[in-house]
Amino acid sequence: MTNRSRGSLTVPPDAKAEILELLFANMEISGDEIAAILKKHHVSCDADALQDRYRRQLGQRLMASLRDASGEREVLSNGRGKYVVLECCRDRQQLAAIRRRIQHQAHGLNASAGKVRSRIAVLDRLISHLRKAA
């Protein structure tokens, strides 16, 4: 049973409810637990799709491994399924699209890092109060 909606994988409502129930009951969940729940709900895709996904993933890793002497990436995805050698790209629009995608990713990571930073600050304050009380 493959679950797709507008080209992206979807999780069946019953499986989603079970995953979220376990997550919120324990405030954490492992990838193995998620996989077991999805398996229990018969979520799968065909072998050809898995092979294609695996091959794309290997290709993506290869492209990401191409770096210059300072360790910066030489090749980046244009977001439309093509990889571009930055030093050879003459298409300003393509470069601008790559920059926007990277900035969007960085913004999301910065927002997540801020959330983690805030939670660490809360825990540090709690630890401080507990130490003063002891």
Side-chain angles (χ1 to χ4, degrees):
M1 171 178 158
T2 301
N3 296 293
R4 288 195 165 269
S5 171
R6 286 184 277 168
S8 64
L9 296 175
T10 60
V11 177
D14 291 347
K16 181 178 178 180
E18 188 173 340
I19 290 167
L20 295 178
E21 182 180 329
L22 185 58
L23 172 65
F24 293 125
N26 301 322
M27 289 298 125
E28 64 183 28
I29 189 169
S30 73
D32 289 341
E33 289 170 316
I34 293 170
I37 292 168
L38 293 173
K39 182 177 180 179
K40 182 173 94 175
H41 289 271
H42 308 288
V43 175
S44 64
C45 68
D46 64 60
D48 287 338
L50 287 173
Q51 289 299 325
D52 287 345
R53 194 173 306 134
Y54 176 72
R55 291 176 185 120
R56 279 192 299 276
Q57 184 180 40
L58 282 180
Q60 182 180 15
R61 286 183 190 163
L62 173 62
M63 295 298 105
S65 74
L66 301 174
R67 303 198 176 242
D68 64 16
S70 64
E72 295 177 4
R73 289 186 56 177
E74 294 268 20
V75 178
L76 289 169
S77 169
N78 69 2
R80 294 172 288 196
K82 298 229 182 203
Y83 291 92
V84 177
V85 178
L86 291 178
E87 293 296 321
C88 298
C89 185
R90 296 179 182 176
D91 185 339
R92 190 179 189 293
Q93 288 181 327
Q94 195 169 44
L95 291 169
I98 291 170
R99 185 184 63 215
R100 279 192 304 275
R101 190 176 53 77
I102 291 170
Q103 287 172 335
H104 179 73
Q105 290 170 341
H107 176 72
L109 287 172
N110 286 334
S112 295
K115 255 185 137 164
V116 170
R117 209 172 17 257
S118 295
R119 186 61 186 157
I120 289 171
V122 167
L123 293 176
D124 287 346
R125 285 194 301 275
L126 287 173
I127 290 168
S128 175
H129 289 313
L130 288 172
R131 285 183 179 153
K132 288 179 184 176

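Position 1 is the first residue of the sequence, and the numbers go up from there.
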Closest approach of I37 to A15 (non-hydrogen atoms, all atoms of both residues): CG2-O, 3.9 Å
Where the side chain of E33 meets the backbone of S30, is there a donor-acceptor pair that is under 3.5 Å apart? yes
Out of curiosity, L50 CG to R55 CZ, how far, rounded to the nearest 0.5 Å? 10.5 Å
Find out whether N78 and V84 are in side-chain contact, i.e. whether some heavy atom of one side chain is under 4.5 Å from a heavy atom of the other. yes
L22 with F24, same ILVMFWY side-chain cluster at under 4.5 Å: yes
Sidechain-backbone polar pair: R100 side chain, L95 backbone, donor-acceptor under 3.5 Å: no
Could you walk me through whether V75 and L66 satisfy the side-chain contact (heavy atoms from CB on, under 4.5 Å) test, starting with their C-alpha distance in whole Å, then the side-chain angles of each, then the deciding distance to 0.1 Å, before giving a yes or no? CA-CA 6 Å; V75 178; L66 301 174; 3.8 Å; yes
Do E18 and D14 come within less than 4.5 Å of each other through their side chains, counting heavy atoms only? no
Scanning both residues in full, the closest heavy-atom pair of I98 with S77 reads CG1-O, 3.5 Å
Stepwise side-chain contact (heavy atoms from CB on, under 4.5 Å) test for E72 and R67: CA-CA 5 Å; E72 295 177 4; R67 303 198 176 242; 5.9 Å; no
If hydrophobic clusters are built from ILVMFWY residues whose side chains come within less than 4.5 Å, do L23 and V11 share one? yes
In Å and rounded to the nearest 0.5 Å, what is the CG to CD distance from L76 to Q94? 10.5 Å
Counting only heavy atoms not in Q103 (residues, nucleotides, ligands), do more than 12 fall under 6.0 Å from its CD? yes
Path from V85 to M63 over hydrophobic side-chain contacts below 4.5 Å: yes
Please evaluate residues K39 and V43 with respect to the criterion side-chain contact (heavy atoms from CB on, under 4.5 Å), reporting the C-alpha separation (whole Å), side-chain torsions for both, the decisive distance (0.1 Å), and the verdict. CA-CA 6 Å; K39 182 177 180 179; V43 175; over 6 Å; no
Is it the case that atom CD in Q105 sees more than 12 heavy atoms from other parts of the structure closer than 6.0 Å? yes
Nearest heavy-atom pair of I29 and I19: which atoms, and what distance? CD1-O, 3.8 Å
Cluster question for you: counting only ILVMFWY and a side-chain heavy-atom cut-off of under 4.5 Å, with indirect links fine, are I34 and M27 together? yes
Starting at OG of S65, measure out to CD of Q60 and round the result to the nearest 0.5 Å. 11.5 Å
Tell me, with the steps shown, if L58 and L62 meet side-chain contact (heavy atoms from CB on, under 4.5 Å). CA-CA 6 Å; L58 282 180; L62 173 62; over 6 Å; no
Hey, does the side chain of S128 reach the backbone of D124 with a donor-acceptor pair shorter than 3.5 angstrom? no
Could you pull out the closest heavy-atom pair between R73 and L86, with the gap in Å? O-CD1, 4.1 Å
